[in-house]
Amino acid sequence: MRSSLFFFLVATLVGALFFFGIRWVANDYLFFAGYTVLQFIVLATAWNILGGYCGYVNFGSAAFFAVGAYSSVALHKLAVGVDRYFPESLVGLAKIILPLNIPTLIIFGGICSGLIGLGTGYLTLRLRGAFFAIATLALAVVLQTLIVNWDFVGGSRGAYIIRPQTVPIIGSYIQYLFLIMIVLSVLALTVARMIERSRLGYGFATIRDDELAAEACGVPTLRLKLIATTISGALMGMAGAPFPYYIGYLEPGSAFGLAYAVNSIAMPMIGGTTSWVGPLVGALLLGIIQQVATVTISSAVNLLIVGLLLVGFVIVAPKGIVGLVQDFMRSRASDGGRPTWRSRLAIFANMRPGAR
Amino acid sequence: MAVPLLQIENLGKRFGGFVALDGIDLSVTQGERLGLIGPNGSGKSTLVNCMCGTLQNETGRVRFDGHVVDGLAAHQRTHRGMARSFQLPRPFTTLSVAENLRIPLLYTANTRRGAHLSPAEIAARCEELTKLVGLAAKANKLPRDLTQVEMRKLELARAMAAEPKLLIADEAMAGLSQSEVGDIVELLIKLNERGITIILIEHIMRAVMSFSQRLVVLVSGKKIADGKPDDVVNNPEVIGAYLGQ
């Protein structure tokens with residue numbers, strides 16, 4: 001617990017330095033680009049809780065992300081049309097509560113996506129391997145069809161979100177969104193690291209390695225998988241909730257975009273799936289390369305970059321970047337029984353002896 | 001008459017049209033060392049899977065420690081005190097030997113005690129178990145670095161970490177040399193002396209005869225013999241089942 005608190009404080013400090021560093025540069029584009037990279041850190045970390053720790057590959061990340069985004073759109077629409085959507089007796093109360101601020105929308109989006117994650121878990125977790133992956137893909141298709149046909153949130157036309165230009169104290173609204181995404185990233189990484197080093201994390205690892213043996217050791221595998229789908233889904237929804245305010249116009253094609261599904265898988269795979277460091281490294285690497293490619297070549301080349309890197313890593317370093325570094329870290333993990341800087345770093349990054 | 005720790009009544013299981021278990025009755029008393037033998041396909045592993053909850057029996061009843069455990073999931077039966085090792089070792093490949101032992105300590109020993117073991121207590125228990133099975137020097141190694149016999153020992157140690165009342169060792173000696181078989185038998189007897197009831201499913205008759213106090217024979221899903229090892233191996237029906245009539 002003390003270690004997690006220390007981690008949280010360090011991550012918050014790094015996040016604060018990052019925020020003020022970019023603010024010092026005073027270029028709004030960096031906030032736009034940084035927001036996307038941070039969003040991918042949250043998505044990749046969330047995917048990794050189910051896909052990396054438990055070994056259940058989720059192809060439906062975009063659906064959870066979109067549920068978060070559309071929950072914000074729905075609440076925004078309610079706020080805009082209070083007189084229309086609420087009975088007269090409740091209009092006064094609704095006008096006090098609505099519109100909700102972004103942190104509240106994030107919590108709401110997290111709850112919606114978490115519940116969908118839990119429901120998906122109940123329906124699909126008796127499936128394994130490719131069957132589970134296909135079921136999550138089907139979930140994305142079903143949810144997208146529902147959204148396309150839900151007129152209230154814009155249906156296939158999409159929905160416009162008019163966001164304020166500025167917010168008190170912070171200034172520009174994009175800086176505010178960027179700051180929120182830093183906080184979310186810190187939270188997601190802290191949650192992932194806490195899980196790894198806990199009883200829950202060991203339980204997840206046994207599910208990944210051998211479910212039958214896990215049950216024989218007393219691990220309640222079904223319950224743990226439900227916890228994993230819920231936490232993973234909730235974090236993805238939280239990443240999606242501020243998205244309509246970032247993009248200004250949300251339509252099903254962008255919320256359920258292939259880029260979210262592909263990136264949230266590719267980033268942990270390239271970074272390494274058994275430590276919280278993997279998704280972070282993968283998201284930073286791929287996210288930054290994609291942002292650079294967007295302004296230098298074209299955004300159309302982004303998925304090509306991801307695909308090529310993924311193929312390269314699967315062949316050259318199937319354990320990801322963390323796996324490559326891990327052997328080096330552990331090569332001199334002790335010096336006559338005394339911990340070395342490598343061993344300390346390995347413990348901080350939770351590079352367990354068995355981590356892939 | 002001792003109270004049975006495990007009582008199986010009229011247990012039946014089919015796979016499609018194939019009858020894997022056909023009305024098995026079996027009783028195991030506290031502290032007993034029971035050998036379970038039978039030719040390939042006789043239903044030994046299916047019986048173990050039904051006892052442990054990996055498979056659900058279609059007929060009959062399994063009582064453990066005075067409670068009916070039918071319908072309980074495998075992990076719930078482990079929490080009640082029933083642990084098993086697998087015919088083919090199934091270690092958690094990305095966890096070290098010590099971490100493999102932590103799992104039952106975290107999930108079963110803690111649940112049964114109703115209180116959480118402290119990290120220091122868990123580490124001490126892991127150390128004790130690795131010493132008991134002779135894996136202390138390899139506690140931080142991955143299962144892939146273990147030899148075949150060490151892998152078998154890890155399976156048994158992991159089952160032991162669940163602090164079981166009943167240990168079911170499913171072909172724990174398959175593929176081992178004579179001296180290694182001796183090591184495992186010695187280890188099982190050592191565990192039994194700690195008060196753990198053990199059911200040994202095995203093909204190696206030398207090991208079964210030296211270990212078992214009682215022997216049960218399954219053939220084609222039916223129990224054909226149950227008694228003292230010397231009597232059972234001289235039973236004409238058992239000889240017929242193994243050598244052909």
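A, B, ... follow the sequence lines: proteins, then strands. Residue 1 opens every chain.
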Quiz item: What part of Ile207(A) is in contact with chain B, defined as an atom under 4.5 angstrom from a non-hydrogen atom: side chain, backbone, both or neither?
Solution: neither
Quiz item: What is the minimum heavy-atom distance between Ile103(B) and Cys217(A), and which atoms define it?
Solution: CG2-CB, 4.0 Å
Quiz item: For the side chain of Arg90(B) and the backbone of Ala213(A), is there at least one donor-acceptor N/O pair under 3.5 Å apart?
Solution: no
Exercise. Check for a donor-acceptor pair, side chain of Thr78(B) on one end and backbone N or O of Ala216(A) on the other, with a separation under 3.5 Å.
Key: yes
Practice problem: Output the option from Arg84(B), Gln76(B), Arg102(B) having the highest count of non-hydrogen pairs under 4.5 Å with chain A. | Solution: Arg102(B)
Quiz item: Is there a donor-acceptor pair closer than 3.5 Å between any side-chain N or O of Asp209(A) and the backbone N or O of Thr93(B)?
Solution: yes
Self-check item: Heavy atoms from other residues, nucleotides or ligands near CE of Met269(A) exceed 12 (cutoff 6.0 Å)
Solution: no
Exercise. Would you mind checking which part of Arg77(B) comes under 4.5 Å of any heavy atom in chain A, side chain (CB onward), backbone (N, CA, C, O), both or neither?
Key: neither
Quiz item: Going from CG on Leu95(B) to CG on Asp210(A), what distance comes out if it is rounded to the nearest 0.5 angstrom?
Solution: 11.0 Å
Self-check item: Within residues 66-75 of chain B, residues adjacent to chain A where the heavy-atom gap is under 4.5 Å
Solution: Ala73(B), Ala74(B), His75(B)
Quiz item: Where is the tightest heavy-atom contact between Tyr202(A) and Leu106(B), given as atom of each residue plus distance?
Solution: CD1-CD1, 3.9 Å
Exercise. Would you check if the side chain of Tyr107(B) reaches a backbone N or O of Arg199(A) as a donor-acceptor pair within less than 3.5 Å?
Key: yes
Quiz item: Do Arg208(A) and Thr94(B) come within less than 4.5 Å of each other through their side chains, counting heavy atoms only?
Solution: yes
Quiz prompt | Within 6.0 angstrom of Phe15(B) CZ, more than 12 heavy atoms from elsewhere | solution = yes
